[in-house]
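Input: a single structure, listed below in structure tokens.
Worth saying up front: this structure is predicted, and the values here are computed from it rather than measured. Indexing begins at 1, ligand by ligand and atom by atom, following the structure's order.
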Amino acid sequence: MAFDQSELRSARWFDRGDLKTFGHVSRLKQMGYDEEDFRGRPIIAILNTWSDINPCHSHFRDRTEHIKRGVVQAGGFPLELPAIALAENFQKPTTMMYRNMLAMEAEELLRSYPVDGAVLMGGCDKTTPGLLMGAISMDLPAVFFPAGPMMKGCWKGEALGSGSDAWKFWDEYRAGNIGECDLRGVESGIARTPGHCMTMGTASTMTSIAEALGFSLPGAASIPAVMADHSRMATQCGRAAVDAVTANRRPSDILTDDSVHNAAITALALGGSTNVVIHLIAIARRAGLNTSTELFDALAAQVPLLANIRPAGAHLMEDFYDAGGLTALLESLRDLLRPHALTVNGKTLGENIAGAEVHAPDVIRDRTNPVSTTPALRVLTGNLCPDGALIKPSAMDPDKMHHVGPALVFDDYAELKERIEDPTIEITEDTVLVLRGAGPVGGPGMPEWGMLPLPTRLLEQGIRDLVRISDARMSGTSYGTCVLHVTPESAVGGPLAALRTGDQVRLDVTAGTLDALVTDDEWEKRLAAVAPGVFDGDRGYLRLYRAHVGQADAGCDFDFLAGVGNPEPDIH
Ligand code: FES
């Protein structure tokens, strides 16, 4: 190809004509490559988050080969670089604690190796923001390749959705409405193919956000993982990465206030996971943008919920794909978007979605017939959350939009688990369950404990929702009247630490407020007595994490990673 190797970043490794070059070239030859394979060619890192314990990425070994095929077709040289897999179901206390680790790993892999551009392979919840954050900080041309959703589950002819139906059937089991045998059937049927969760959980939300931001090729986020279309998309991503390098199209060209606006519109129309707020803030701030929760609150009233996908809707991601997928949804929202935003293929978002059609109007609703006009997200403020909290009105009991009730406070998750079934504690339909000690520092990592479990005795009475408040997060597949991300968290001295069992708490979703109904004098006194948590015993990564993680309203990034850095130190 007509491309001057000296213009490539990787030329610093392979084209200096010194002893270092000798060493680098000889070692690629050791692996069986000819100079013809790599000299003068854009070197594309394929950051692969495959592992034996990540079912959402179990097809990535095959897809890597398909991406490599595309890279070679376009005249590049592919290098597969493994990165930490972040398997949502398995990693304790939460993959969120390791999102920043993946972001660091992605950035350092791209910085330290002879790489000109990248394909980022992610999908399972935190892998998408982690990879994007790292690539944005390094600012090398990068294409995000989404894992794709798994096909829908099935039990006794009923379609099952990841997460949402796990919670639902577990509650029915605890209420005595289904037996052990039924539960085993659901367990076997709920996840049947490779791919990420196929509800509109964090995975589907974040891969859609990556596409709306402009980091994925048009249509990529909606393709189910096992389809042939997905393999072809992988090969296209390989070609696109080489093209992005030769055009010198970098994340800093793509990530702007306009693309972040488009991503927020997308999240709201999808009824996406509340996690998107934290991740989008962290992603945007890596590019020096000042994105905050207010962006979502300002847009939420304008954007109806159009994607009829569980947990807020009725269908699943393969239905969404067949209905036209994300490009069709975005085309129907064109007037709300900023269509001139550049994307990784060199076209604008508006060009990428032009002409996309909805094929199933019940799945991707028209704005005259939305799934819901209730805002998908609402930011709350008040004396319990001076720096904000979030609720997902579209996934809660509408009767609880305005609620006053007595708090039942748990200091940490262990206490919640131990006491929630205690028959001696008073708990009614009006009770406000409160969990503290579950934020970025306290959790640590804000585990997805925000859908606090209801005691069996209430489930047996047919009660399925209570007002719940925490400084934790909630899975995108969860639902209920759950106030999340209370900021600042109790472990750093936030006011949740001053709340006591029996205090009256008022939630007003319409007004956007959350308050303890305690006199000002009494509240001041209690706040003055609150002390931040002490975590003397921490070691290793946990110690680094607790010392440097930010609060939810700042995206939970490390203080030493947020903002635009200096990506290219001298290479010797
Ligand atoms: Fe991987 Fe849900 S467990 S996306």
Return the orientation label for the Y413 and W449 ring planes: parallel under 30°, perpendicular over 60°, tilted otherwise.
-> parallel
Please lay out, stage by stage, how T64 and N48 fare under the test side chain to side chain donor-acceptor pair (under 3.5 Å).
-> CA-CA 7 Å; T64 308; N48 186 356; 3.0 Å; yes
Could you tell me whether atom 1 (Fe) of ligand 1 has an N, O or S atom of C56 under 2.8 Å away?
-> yes
Heavy-atom neighbours of R543 CZ exceed 12 at 6.0 Å = no
Could you confirm whether C124 has any N/O/S atom lying under 2.8 Å from atom 1 (Fe) of ligand 1?
-> yes
Kindly give the heavy-atom pair with the smallest separation between A269 and L333, and that separation in Å.
-> CB-CD1, 3.5 Å
Atoms in ligand 1 with a heavy atom of N89 nearer than 4.0 Å | 3 (S)
Can you tell me if OH on Y113 sees more than 12 non-hydrogen neighbours from other groups inside 6.0 Å?
-> no
Give a yes/no answer: is there an N/O/S atom of H196 under 2.8 Å from atom 2 (Fe) of ligand 1?
-> no
So which heavy atom in the protein is nearest atom 2 (Fe) of ligand 1, and how far is it from that ligand atom?
-> C197 SG, 2.2 Å
I would like to know whether D465 and T481 meet side chain to side chain donor-acceptor pair (under 3.5 Å); could you show each step before the answer?
-> CA-CA 7 Å; D465 197 8; T481 310; 2.7 Å; yes
Could you tell me whether A203 approaches ligand 1 through its side chain, its backbone, both or neither, with non-hydrogen atoms closer than 4.0 Å?
-> side chain
For ligand 1, which atoms have a heavy atom of E88 less than 4.0 angstrom away?
-> 3 (S)
